Participant: 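Have a look at the structure that comes next, please.
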Amino acid sequence: MKIAVVGTGYVGLVAGACLAESGNDVVCVDKDEAKVRTLRRGRMPIYEPGLEELVRRNRHERRLTFTATLPKAVRESAIVFIAVGTPQDEDGSADLQHVLAVARDIAKAMNGYKVVVTKSTVPVGTSERVREVIRRETTHPFSVVSNPEFLKQGAAVEDFMKPDRVVVGAEDPRAEELMRELYAPFTRTGAPVMVMDCASAELSKYAANAMLATRISFMNEVANLCELVGADVDHVRQAIAADRRIGPSFLFAGIGYGGSCFPKDVQALVHFAAAKSYEFRILRAVESVNAQQKLRLLAKMRAHFGSLKGKTVALWGLAFKPRTDDMREAPSLALIDGLLAGGARVQAYDPEAIRVAKGLLGSRVTFAAGNYEALRGADCLAIVTEWNEFRRPDFARMRKLMRTPVVFDGRNIYNPQQMQQNGFTYYSIGRAAS
Ligand code: NAD
């Protein structure tokens, strides 16, 4: 099939590359000409495991191309995906200007029947708005489909290739058939293609992200309580995860969620519920717990040191989670702001996010070339992102490099007893300090 994907970010580029990998001819469109040039030169604008190889192979086979010119891409395609950003507006609602602008541009370029698929995360009612925008601009026939994306950054290629389910909001059989055909290579192992009305498809995406964010904030509150009553959150987590009604996923306590999706999607859902005069009370709490949790390590550092003035803090991990270079809403940013405001110096290392971090933080932070280098002369280490390479370090080497052996672990990647045996003062989340 001939496909255009408009918006070549974490979702659009992964979707485009995976759709090309299954034999389609895909043109990825982005208004950011520098990004298009980078991709045409065979370089990656983002880090995502497995993506570079997939893009290289499909570019080489000429199934995957990149352009900044939308009309030609639309004219040559049967299906056009909209995968542009839906950032948070000032009031917390989803900003749909990019989605609606693209819908208008697609309509103007139409030369026959097209299926226009909204892959961006959009509030209920957006498919209808997209339909209206297109109808105003063209007399050509078209179908609008809602096809929310559930991939996770850090495992995006794998998630797209082997989805748990594919959700399709389609209101006409021709579009439904095309979507089933398109997704057949990805659902051969039995993942369901769930066809429903557009409103349900749109809400499914927000409900999924809000549920996951709720589990995280819930466990973080359990962890905070563990610290007050002398319980261990790891034991509590294992005990509740063994209950099949609860299950083991998304129960790890830490210093809060970040990224481009959970924070904005939780707020957007609160906002569009409010627009229907419904107060989504749980989600307001989820949000405020998360904002507090991001400052949890800072509070522990203040309690330990008294004042942070003049302290040198090593930071391991800047990205909002491992295996990505994305720093949108990352807990590291809230921690760094607090440390600098308190008069501390920050020496940070991340395996993938340093380039992005330099753009955001400039010279406010010193960036180290490796995790050990970040420890030189540090009064303490803060672990912010649970990259695998931080899990088994050489503790003796760490102690030698640091001025004082104190670790604040925001992701509970070490065992408190072992840390004590290794000569560290060790603080983590929901477990006794050692
Ligand atoms: P992103 O910011 O990485 O990429 C968006 C891209 O769209 C950018 O490259 C931008 O230049 C381009 N763009 C914006 N306006 C355009 C226009 N008018 N024409 C052409 N290109 C345009 O965003 P993302 O993380 O890929 O997210 C895209 C959507 O998918 C959002 O709605 C997001 O909520 C949703 N989503 C994201 C994830 C994720 O993990 N990142 C997962 C599922 C769903």
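Being a predicted model, the structure only gives us computed values, none of them experimental. Just so you know, ligand 1 is whichever comes first in the structure, and atom 1 is the first atom listed for that ligand.
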Participant: Under 4.0 Å, heavy atoms only, figure out whether ligand 1 is touched by the backbone of V6, its side chain, both or neither.
Facilitator: side chain
Participant: So which bit of V11 gets within less than 4.0 Å of ligand 1, heavy atoms only: side chain, backbone, both or neither?
Facilitator: both
Participant: Can you list the atoms of ligand 1 that are under 4.0 Å from a heavy atom of S260?
Facilitator: 41 (N)
Participant: Taking the minimum heavy-atom distance to atom 11 (O) of ligand 1, which of L13, D32, D30 ranks first?
Facilitator: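 Nearest option to atom 11 (O) of ligand 1, by heavy atoms: D30.
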Participant: Please list the nearest protein heavy atom to atom 39 (C) of ligand 1 with its residue and the distance rounded to 0.1 Å.
Facilitator: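 So the nearest neighbour among protein heavy atoms is Q153 OE1, 3.3 Å.
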Participant: On a heavy-atom basis, I'd like to know which of G12, A101, G85 is closest to atom 5 (C) of ligand 1.
Facilitator: G85
Participant: Report the C-alpha separation of D172 and R174 in whole Å, then their side-chain angles, then the decisive distance to 0.1 Å, and conclude whether the salt bridge (Lys or Arg N to Asp or Glu O under 4.0 Å) test is met.
Facilitator: CA-CA 6 Å; D172 75 83; R174 186 174 175 187; over 6 Å; no
Participant: I need the single residue from V74, V116, V80 that forms a side-chain contact (heavy atoms from CB on, under 4.5 Å) with V6. Which is it?
Facilitator: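 Per the side-chain contact (heavy atoms from CB on, under 4.5 Å) rule, the option paired with V6 is V80, out of V74, V116, V80.
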Participant: Just by modelled atom types, is the S93 backbone N or O under 3.5 Å from a matching donor or acceptor in the D89 side chain?
Facilitator: no
Participant: Between V222 and V233, what is the shortest heavy-atom contact and its length?
Facilitator: CG1-CG2, 4.5 Å
Participant: Note the single closest protein heavy atom to atom 13 (N) of ligand 1, along with its residue, its atom name and the distance in Å.
Facilitator: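 Closest protein heavy atom to atom 13 (N) of ligand 1: V84 CG1, 3.6 Å.
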Participant: Spell out, as yes or no, whether a donor-acceptor pair under 3.5 Å connects the side chain of Q293 to the backbone of I255.
Facilitator: no
Participant: Is a side-chain donor-acceptor pair under 3.5 Å present for E202 with S127?
Facilitator: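 S127 vs E202: donor-acceptor pair found between side chains.
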Participant: If you have a sec, work out which protein heavy atom is nearest atom 35 (C) of ligand 1 and how many Å separate them, to one decimal?
Facilitator: T121 OG1, 3.4 Å
Participant: Once you restrict to heavy atoms under 4.0 Å, what part of A156 touches ligand 1? Side chain, backbone, both or neither.
Facilitator: neither
Participant: Verify, without hydrogens or angle tests, whether Y10 (side chain) and A156 (backbone) share a donor-acceptor contact under 3.5 angstrom.
Facilitator: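 Such a contact is absent between Y10 side chain and A156 backbone.
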Participant: Show the atoms of ligand 1 that are less than 4.0 angstrom away from any heavy atom in K205.
Facilitator: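 Taking each heavy atom of K205 in turn, ligand 1 has 43 (C) under 4.0 Å.
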Participant: Enumerate the atoms of ligand 1 whose separation from the nearest heavy atom of A83 is less than 4.0 angstrom.
Facilitator: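 Taking each heavy atom of A83 in turn, ligand 1 has 28 (C) under 4.0 Å.
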Participant: So, Y113 versus S143: side-chain donor-acceptor pair below 3.5 Å or not?
Facilitator: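 Yes, because at least one side-chain N or O of Y113 sits under 3.5 Å from a partner of the opposite role on S143.
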Participant: Quick one about N220 and Q292 (side-chain donor to acceptor, distance below 3.5 Å, no hydrogens or angles considered), yes or no?
Facilitator: no
Participant: Could you tell me which atoms of ligand 1, counted from 1 in the order shown, lie closer than 4.0 angstrom to a heavy atom of K264?
Facilitator: 33 (C), 34 (O)
Participant: Is R328 in contact with ligand 1, taking contact as a heavy-atom separation below 4.0 Å?
Facilitator: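 True for this residue.
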Participant: Starting from atom 42 (C) of ligand 1, which protein heavy atom do you reach first, and at what distance in Å?
Facilitator: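 Ranked first by proximity to atom 42 (C) of ligand 1 is L151 O, 3.6 Å.
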Participant: With no hydrogens and no angle check, is any side-chain donor or acceptor of K114 less than 3.5 Å from a backbone partner on S77?
Facilitator: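 Yes: the side chain of K114 pairs with the backbone of S77.
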Participant: Considering the heavy atoms of S120, write down every atom of ligand 1 situated less than 4.0 Å from one of them.
Facilitator: 29 (C), 30 (O), 32 (O)
Participant: So which of G7, G9, A94, A68 gets nearest to atom 4 (O) of ligand 1, if we judge by its closest heavy atom?
Facilitator: G9
Participant: For atom 43 (C) of ligand 1, which protein heavy atom lies nearest, and how many Å away is it?
Facilitator: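 Minimum-distance protein heavy atom for atom 43 (C) of ligand 1 reads E149 O, 3.2 Å.
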Participant: Taking only heavy atoms of V102 into account, list the atoms of ligand 1 that are under 4.0 Å away from them.
Facilitator: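 Those qualifying, in numeric order: 17 (C), 18 (N), 19 (N).
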Participant: Among all protein heavy atoms, pick out the one at the shortest distance from atom 21 (N) of ligand 1; state its residue, atom name and that distance to 0.1 Å.
Facilitator: K31 N, 3.3 Å
Participant: Between S332 and L318, is there a donor-acceptor pair closer than 3.5 Å when you use the side chain of the first and the backbone of the second?
Facilitator: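 Yes; judged by distance alone, with no hydrogens or angles, the pair exists.
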Participant: Tell me whether the rings of Y206 and F272 are parallel (<30°), tilted (30 to 60°) or perpendicular (>60°).
Facilitator: perpendicular
Participant: Applying a strict 4.0 Å limit to heavy atoms, is K152 in contact with ligand 1?
Facilitator: no
Participant: Would you say Y427 and R296 are linked by a side-chain donor-acceptor pair, where the criterion is simply a distance under 3.5 Å?
Facilitator: no
Participant: Show which atoms of ligand 1 fall inside a sub-4.0 Å distance from at least one heavy-atom site of T86.
Facilitator: 31 (C), 32 (O), 34 (O)
Participant: Please identify which atoms of ligand 1 are closer than 4.0 Å to at least one heavy atom of K35.
Facilitator: 8 (C), 9 (O)
